[in-house]
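This is a predicted model, so every value here is computed, not measured.
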Amino acid sequence: MADLNGKVAIVTGASGGIGRAVALRLAQDGADVACFGQNRERLQETADAIAALGRRASVHPVDSRDPDAISASVGQVEKDAGRIDVLVNNAGITKDGLLIRMSVADWEDVLAVNLRSVFLFTKAAARAMMKQRSGSIVNVASIIGLIGNPGQSNYAASKAGIIGFTKSIAKELASRNVRANAIAPGFITTRMTDKLDGELQKKMLELIPLARYGSPEDVAATASFLAGADSTYITGQVIQVCGGMVM
């Protein structure tokens, strides 16, 4: 368990699934958490659960494609808390389809939410981290960004972009003692993966050496480790949380 007492964290996509699990795990480990997402009601549920753990939580229903709203909201977190120690970029969507049938809108929406938002949130939060000369940025990518997947060219491109972005900013920010790492989850049981065809889910299970699907808590534990003091010599890395599906 990481010791995050006194730390302030921002988690995007905190309304459910992996984001909610990450927000709760960071709070369990001592952090106060600013919850970002688009569904105010579900964000409030996450914030209430954090408060029940004895930590402070704030709710920020922000469109992850709106640069002005993101900059203002992240700035407000810093103003209210006095610092930003951890940023977990988790917001993500899928709009699957074969390349020849994929609309430009579906391509651009996925890239905007999954990749562009990582740039916007990181740019906003990095200023505070550089000023205080400490911080940890954790970007949630996917093994699909490493291996690709038919029907998910937009999603794969966005997640591969996150990996390249993470490695680049890790080099840029290292001199200010700000670390950046990515997590590449495999098949994690969430509302998003529940939509997949049952036969596809069965085939994917056969590819996992540990013979089980991952949970949001598996990803959350890795995020907390990367946020804490036990990982201070780790930056620019991609940690695969996939049960051995990709080796």
Rounded at 0.5 Å granularity, tell me how far [atom1] in [X] sits from [atom2] in [Y].
X	Y	atom1	atom2	result
C242	I183	SG	CD1	12.0 Å
N114	L111	CG	CG	7.5 Å
H60	R40	NE2	CZ	10.0 Å
N139	I163	CG	CD1	10.0 Å
T235	Q237	OG1	CD	7.5 Å
R176	Q132	CZ	CD	12.0 Å

Would you call [X] and [Y] a side-chain contact if the rule is heavy atoms closer than 4.5 Å?
X	Y	value
F36	S73	yes
Q44	V59	yes
V178	R133	no
S136	T232	no
N181	I239	no
P67	K123	no
V110	T94	no
R65	S117	no

Checklist entry - Can you name the one residue among I143, L210, L205 that meets side-chain contact (heavy atoms from CB on, under 4.5 Å) with M245? => result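 Running side-chain contact (heavy atoms from CB on, under 4.5 Å) over I143, L210, L205 with M245 returns exactly one hit, I143.
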
Item to check | Given V138, L43, V33, L24, the one that forms side-chain contact (heavy atoms from CB on, under 4.5 Å) with V11 | outcome: V33

Item to check | Step-by-step side chain to side chain donor-acceptor pair (under 3.5 Å) determination, N177 to S134 | outcome: CA-CA 5 Å; N177 196 36; S134 67; 5.6 Å; no

Heavy-atom closest pair, residues [X] and [Y]:
X	Y	value
R179	L226	NH2-O, 2.9 Å
P216	G17	CB-O, 3.7 Å
K159	S142	CG-CB, 3.7 Å
A141	P185	O-CD, 3.3 Å
I10	I84	CD1-CD1, 3.9 Å
I93	Y155	O-CD1, 3.6 Å

Next on the checklist: Regarding R212 and D218, does a basic nitrogen lie under 4.0 Å from an acidic carboxylate oxygen?
Outcome noted: yes

Checklist entry - Under a 4.0 Å N-O cut-off, is there an ion pair linking K131 with E78? => result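 Yes, this pair counts.
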
[X] side chain to [Y] main-chain N or O, any donor-acceptor pair under 3.5 Å?
X	Y	answer
N154	K95	yes
T12	G37	no
N149	Q152	no
S231	I234	no
T46	A14	yes
R56	D32	no

Is [X] linked to [Y] within one hydrophobic cluster, defined over Ile, Leu, Val, Met, Phe, Trp and Tyr using a side-chain heavy-atom separation of less than 4.5 Å?
X	Y	result
V86	L53	yes
L99	W107	no
L115	L87	yes
V74	V88	no
M129	F121	yes

Item to check | Audit row: C35, I50, side chain to side chain contact (heavy atoms under 4.5 Å, CB included) steps and yes/no | outcome: CA-CA 10 Å; C35 303; I50 291 170; 3.7 Å; yes

Checklist entry - side chain to side chain contact (heavy atoms under 4.5 Å, CB included) between K171 and K167: does it pass, once the steps are laid out? => result CA-CA 7 Å; K171 292 181 177 181; K167 290 178 177 291; 5.8 Å; no

Checklist entry - Is there a donor in the side chain of S224 and an acceptor in the side chain of D29, or the other way round, less than 3.5 Å apart? => result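 Yes.
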
Item to check | Side chains of S71 and D68, donor plus acceptor under 3.5 Å | outcome: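 On atom types as modelled, these side chains do not qualify, holding no pair under 3.5 Å.
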
Next on the checklist: Does Y213 form a side chain to side chain contact (heavy atoms under 4.5 Å, CB included) with I188? I'd like the steps, not just the answer.
Outcome noted: CA-CA 6 Å; Y213 303 131; I188 307 297; over 6 Å; no

Next on the checklist: Apply side chain to side chain contact (heavy atoms under 4.5 Å, CB included) to residues V22 and N90 and explain how you reach the verdict.
Outcome noted: CA-CA 9 Å; V22 168; N90 167 74; 5.8 Å; no

Checklist entry - Going through the distances and angles, do N89 and T122 end up as a side chain to side chain donor-acceptor pair (under 3.5 Å)? => result CA-CA 8 Å; N89 282 305; T122 302; 3.1 Å; yes

